[in-house]
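Heads up: the structure comes next, in structure tokens.
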Number of protein chains: 2
Amino acid sequence: MAEPTAGTDRSLTRNQGEVLSALKGADKPLTAYDILGLPKIRKAGLKAPLTIYRALDKLMDQGLVHRIESLNAFVHCDHGPHDHATGFLICSDCGRTLEVHLDDCEDHLAGRAREQGFAVDAVKVEMTGRCPDCAARQAAQAATS
Amino acid sequence: MAEPTAGTDRSLTRNQGEVLSALKGADKPLTAYDILGLPKIRKAGLKAPLTIYRALDKLMDQGLVHRIESLNAFVHCDHGPHDHATGFLICSDCGRTLEVHLDDCEDHLAGRAREQGFAVDAVKVEMTGRCPDCAARQAAQAATS
DNA sequence: GCGGATAATGTTATTATATAACGTTTAAGG
DNA sequence: CCTTAAACGTTATATAATAACATTATCCGC
Ligand SMILES: [Zn+2]
Ligand SMILES: [Zn+2]
Ligand SMILES: [Zn+2]
Ligand SMILES: [Zn+2]
């Protein structure tokens, strides 16, 4: 094997491709069991949870998929390959998420950790709230009442 | 009831007190089932998962306990009642965690969200790495070999 | 192409985490 | 005392993730 460096797009296996495609086709994060339940996935012959989890693990290794901890769900990465960490905005109303770059904020956070003698490997940021669409809808409903 | 404002220390029920005490006595985050398995907890008569989860929910409402999403575990809050968000440093070696204030970094993150039209309710930050003790131990072992 | 190594997959069972449903008890307030 | 809401007990169930082990596919040097 060409021993790809982290993040390289080594060609995907069939299972990995199916799972990635499923996530790309979704408009919000899917749990492993959500994916498992998709007709396309069943038709492709993927029928055990472990099959899904294994594919997800590899996709995450390659940075093509992220895990949203607070949802136990997975989402396709819509950024290019990124070295610095990203955060997620999670709409508690519609369930959709938005990935945002952290840039210098990551350094800020890691610095706070270093003050404590802590060597940081990975930073995860998840913010819950309302997306523009849902916020607008709520405002409209409030005006009506 | 005195209708306490968020974060006030309304007196705890027996179950809540037992669970909080268990978390205070631990040196790292415990899962609900970790708590359920503690002799003290069993002796106190708490024996169903739901009993633990209910107590944890109330304790989190009061800001006395935090949930670590990436561990599915819970930890006693060792800060005073805090309005701004906090983050957690998680040692991937020993499993211990350290709570850190986010202060202005929270504003920074929320600002990033607002740029996207997103109204943020809550910010969760979890950083994985090695704590000072484990980093030192690793360094010592590396020197020996 | 052959042979050995490595990675991916299939299959079944099991563990771990969390909630639903429903009835009972407890505590507060008029 | 009576009402009401919160907390609790109990059982069953839903959801999320991994263990164990056999099998197949792929890569690579020969
Ligand atoms: Zn990404
Ligand atoms: Zn929304
Ligand atoms: Zn805290
Ligand atoms: Zn440590």
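Here is the naming used below: chain letters follow the sequence lines, and residue numbers restart at 1 for every chain.
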Point to revise | Check against side-chain contact (heavy atoms from CB on, under 4.5 Å), B:Phe74 and B:Leu23 | key: CA-CA 8 Å; B:Phe74 304 84; B:Leu23 288 176; 4.2 Å; yes
Practice item. Tell me, with the steps shown, if B:Asp93 and B:Arg137 meet salt bridge (charged side-chain N to carboxylate O under 4.0 Å, His left out). Key: CA-CA 10 Å; B:Asp93 196 342; B:Arg137 188 175 341 107; 3.8 Å; yes
Point to revise | Test side-chain contact (heavy atoms from CB on, under 4.5 Å) applied to B:His108 and A:Asp104, step by step | key: CA-CA 10 Å; B:His108 194 164; A:Asp104 51 330; 3.4 Å; yes
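If you measure from atom CZ of B:Arg54 to atom P of C:dA21, you get 14 Å, rounded to the nearest angstrom. Rounded to a whole Å, the CG atom of B:Leu36 is 14 Å from the C1' atom of D:dG9. Put simply, CG on B:Leu20 is 17 Å from C1' on D:dA7, counting in whole angstrom units. One interatomic measurement links the two molecules: CG of B:Leu30 to C1' of C:dA16, which rounds to 15 Å at whole-angstrom precision. Note: NZ (B:Lys58) to P (D:dA5) measures 14 Å, nearest angstrom. For the pair B:Leu46 CG and D:dA7 P, the interatomic distance rounds to 15 Å; values are reported in whole Å. Between the CD1 atom of B:Ile52 and the P atom of C:dA16 there is a distance of 16 Å, given to the nearest Å. In this structure, the CZ atom of B:Arg14 is 14 Å from the C1' atom of D:dA7, given to the nearest Å.
Side-chain heavy atoms closer than 4.5 Å link hydrophobic residues (I, L, V, M, F, W, Y) into clusters, and following such links, possibly through other members, connects B:Met127 to B:Leu109. Hydrophobic clustering of Ile, Leu, Val, Met, Phe, Trp and Tyr side chains at less than 4.5 Å, counting indirect connections, unites B:Tyr53 with B:Met60.
Applying the side-chain contact (heavy atoms from CB on, under 4.5 Å) criterion to B:Thr13, with sequence neighbours excluded, gives B:Asn15, B:Gln16. Partners of B:Glu99 according to the side chain to side chain donor-acceptor pair (under 3.5 Å) rule, which considers only residues two or more places apart in sequence or in another chain, are B:His66, B:His79, B:His82, B:Thr86.
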Protein-nucleotides 12-19 of chain D N/O pairs under 3.5 Å:
from: D:dA16; atom 1: N7; to: A:Tyr33; atom 2: OH; distance (Å): 3.4
from: D:dA17; atom 1: OP1; to: A:Arg67; atom 2: NH1; distance (Å): 2.9
from: D:dA17; atom 1: OP1; to: A:Arg67; atom 2: NH2; distance (Å): 2.7
from: D:dA17; atom 1: OP2; to: A:Tyr53; atom 2: OH; distance (Å): 2.7
from: D:dA17; atom 1: O5'; to: A:Tyr53; atom 2: OH; distance (Å): 3.3
from: D:dA17; atom 1: N7; to: A:Tyr33; atom 2: OH; distance (Å): 2.7

Check: protein-nucleotides 24-27 of chain C nitrogen or oxygen pairs below 3.5 Å:
none

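Out of D:dT10, C:dA8, C:dT12, the shortest distance to the side chain of A:Thr13 is found at C:dA8.
For D:dG9, the OP1/OP2 oxygens have no side-chain nitrogen or oxygen of B:Lys47 closer than 4.0 Å.
One finds a salt bridge joining A:Glu69 and A:Arg67 here, because a Lys/Arg side-chain nitrogen approaches an Asp/Glu carboxylate oxygen to under 4.0 Å. Under the 4.0 Å criterion applied to side-chain N and carboxylate O atoms, A:Asp107 and A:Arg112 are not assigned as salt-bridge partners. Note on A:Lys24 versus A:Asp78: no salt bridge recorded, every NZ/NE/NH1/NH2 to OD/OE distance being 4.0 Å or above.
Each end of the helix from C:dG1-D:dC30 to C:dG30-D:dC1 gets its own rotation axis from five pairs of C1' atoms, and the angle between them is 40° to the nearest 10 degrees.
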Could you give the side-chain donor-acceptor pairs of residues 32-41 of chain B under 3.5 Å, partners two or more places apart or in another chain?
from: B:Asp34; atom 1: OD1; to: B:Thr31; atom 2: OG1; distance (Å): 3.4
from: B:Asp34; atom 1: OD2; to: B:Thr31; atom 2: N; distance (Å): 2.9
from: B:Asp34; atom 1: OD2; to: B:Thr31; atom 2: OG1; distance (Å): 3.3

